[in-house]
Protein chains: 2
Amino acid sequence: MKVKDLRVVKTKKAIYQALTKLLKDKLLTDINVSELCREASINRGTFYFHYEEVGDVFKEFFEEVIVDLEESYKEPYKYISALQVQTLDYKNIDPKTVRIFHHVKKYEDFYRIILSDNVSTTYYYMFFDAIRSNFIEDSKIGEYDESKKFVYSFMTNAIIGLIIEWYRTNFEESVDDMNIHLVETLNVITRS
Amino acid sequence: MKVKDLRVVKTKKAIYQALTKLLKDKLLTDINVSELCREASINRGTFYFHYEEVGDVFKEFFEEVIVDLEESYKEPYKYISALQVQTLDYKNIDPKTVRIFHHVKKYEDFYRIILSDNVSTTYYYMFFDAIRSNFIEDSKIGEYDESKKFVYSFMTNAIIGLIIEWYRTNFEESVDDMNIHLVETLNVITRS
DNA sequence: ACTGTTATTGTACAACTGTATGATAACATA
DNA sequence: TATGTTATCATACAGTTGTACAATAACAGT
């Protein structure tokens with residue numbers, strides 16, 4: 001059984017490095033296949049043997065980011081927020097949502113691309129589905145409640161809404177700030 | 001002063017009709033400039049005189065859809081929901097949100113494209129900003145409350161989250177169904 | 001080491017892209 | 001009606017795209 005063909009490993013590594021380098025200077029949308037292959041020193045035909053477009057490579061990047069999102073959502077949370085120290089008002093926050101904020105902050109450079117204008121919605125939906133899956137696994141033990149699917153999509157996209165606003169403020173707020181915004185928002189909603 | 005150059009009007013009309021026709025058979029992503037110009041019987045150079053890519057034409061389409069969204073959000077609401085007749089439990093729904101659902105249903109064919117995978121996020125953000133603006137104008141009289149911007153983005157994207165789920169069920173639910181989903185979702189959130 | 005499989009390369013091709021140019025026709029205004 | 005402006009067209013060009021093919025080299029299993 002083939003575990004890893006060294007030729008493929010080498011080729012993909014070259015492509016990854018090339019894309020990483022090019023992304024430092026130009027937008028994902030502005031990078032074309034020829035340029036990427038030139039930078040990676042691989043034949044263009046080889047690229048098409050593995051991918052269809054430049055975005056597919058970025059998609060593989062983002063898939064690893066999504067893995068981190070899922071891992072950090074599941075693992076025991078050891079981060080002590082300054083908020084939790086200061087006051088107990090925030091104790092009833094869903095403590096897991098803050099991990100999403102941490103994750104986004106960690107991969108800030110990626111989310112600047114994913115949430116930017118004029119990129120494919122594919123990455124957005126990858127993000128959406130990942131968060132939504134986490135929410136579902138988190139709330140139900142065992143069976144999936146079909147009737148709740150609108151609730152999950154509502155909550156998932158609401159959180160992404162906060163992250164979009166975060167992105168638009170150039171990620172200036174801290175993770176704790178984002179948590180405060182979430183709590184305040186939930187307060188506004190439950191009060192109406 | 002030039003109000004409308006007949007040449008431009010004619011050209012754009014041809015492009016609009018061509019794009020409309022092509023969209024019946026293929027995805028927006030699969031329509032290229034050459035094909036569009038061939039269908040519209042205009043010179044390719046003329047296209048580039050007005051636009052940069054096929055998506056720009058669709059953007060003009062969607063801008064009109066957005067105008068309808070804003071109009072229908074503002075105009076006095078005359079639609080009597082079966083829900084409002086049946087029960088009074090739903091009287092405290094934000095009555096204006098249902099208009100968004102009506103609008104999406106009305107332009108279902110458009111939102112099938114906007115919300116589909118692998119299209120530009122540009123249209124998503126146009127939709128997002130339109131709804132968000134409406135929410136803001138709706139809640140404040142006069143000055144804009146900067147501190148509430150996360151609340152607006154949260155609520156806006158939450159509603160779009162419902163619409164994404166609606167899209168994924170192929171818009172099978174009725175507008176009233178969507179209203180029920182919204183109310184149920186808000187109930188779940190306020191109960192937690 | 002041998003053999004069949006497969007990834008990579010170079011090359012080629014028709015089609016599309018984005019831009020530029022000059023000619024022409026439609027436009028606006030005096 | 002005459003004149004300057006500008007949208008459209010035809011053409012051209014270098015570069016990209018997606019695909020195809022044969023040759024070659026790297027791989028996996030016997």
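Predicted model, so just to flag it, every value in this text is computed and none were measured. We name chains A, B, ... by the order of the sequence lines, and we start the count at 1 in each one.
Rounded to a whole Å, the CD1 atom of B:I42 is 21 Å from the P atom of C:dT24. Counting to the nearest Å, the P atom of C:dT5 and the CG atom of A:L6 are 21 Å from each other. In this structure, A:L36 places its CG atom 16 Å from C1' of D:dG15, rounding to the nearest Å. For A:F47 and D:dT17, the CZ to P distance is 9 Å, given to the nearest whole Å. A straight line from CG of B:N32 to C1' of C:dC16 spans 6 Å, rounded to a whole angstrom. What separates CG of A:D30 from C1' of D:dG15 is a distance of 15 Å, to the nearest Å. To the nearest angstrom, P of D:dT8 lies 10 Å from OH of B:Y51. The nearest whole Å value for the distance from the OH atom in B:Y48 to the P atom in D:dA10 is 17 Å.
Salt-bridge formation is detected for the pair B:R112/B:E108: a Lys NZ or Arg NE/NH1/NH2 atom is positioned less than 4.0 Å from an Asp or Glu carboxylate oxygen.
If B:F49 and A:N43 are placed on DNA chain D by their nearest nucleotide, the residue sitting closer to the 5' end is B:F49.
Contact record, B:L162 with B:T185: CD2-OG1, 4.3 Å, taken as the closest heavy-atom pair.
Distances shown here put every side-chain N or O of A:S34 at or beyond 4.0 Å from the OP1 or OP2 atom of D:dG15. Taking 4.0 angstrom as the limit, A:T46 places a side-chain polar atom (N or O) nearer than this to OP1 or OP2 of C:dT9.
Under the 3.5 Å distance criterion, the side-chain polar atoms of A:R44 are left unmatched by any main-chain donor or acceptor of A:S34.
The side chain of B:R44 approaches D:dA12 more closely than any other nucleotide in the set D:dA12, C:dA7, D:dT8.
Relative orientation of the B:F127 and B:Y111 rings is tilted, given thresholds of 30° and 60° on the angle between their planes.
With no hydrogens or angles considered, no side-chain donor-acceptor pair links B:N118 and A:Y125 at under 3.5 Å. In the model, A:E60 has a side-chain atom that pairs as donor or acceptor with a side-chain atom of A:Y16 under 3.5 Å.
Taking only distance into account, the side chain of B:R7 meets the base of D:dT6 through a donor-acceptor pair shorter than 3.5 Å.
Aromatic ring centres of A:F58 and A:Y123 lie closer together than 6.0 Å.
Within residues 9-26 of chain A, no residue has any heavy atom closer than 4.0 Å to DNA chain D.
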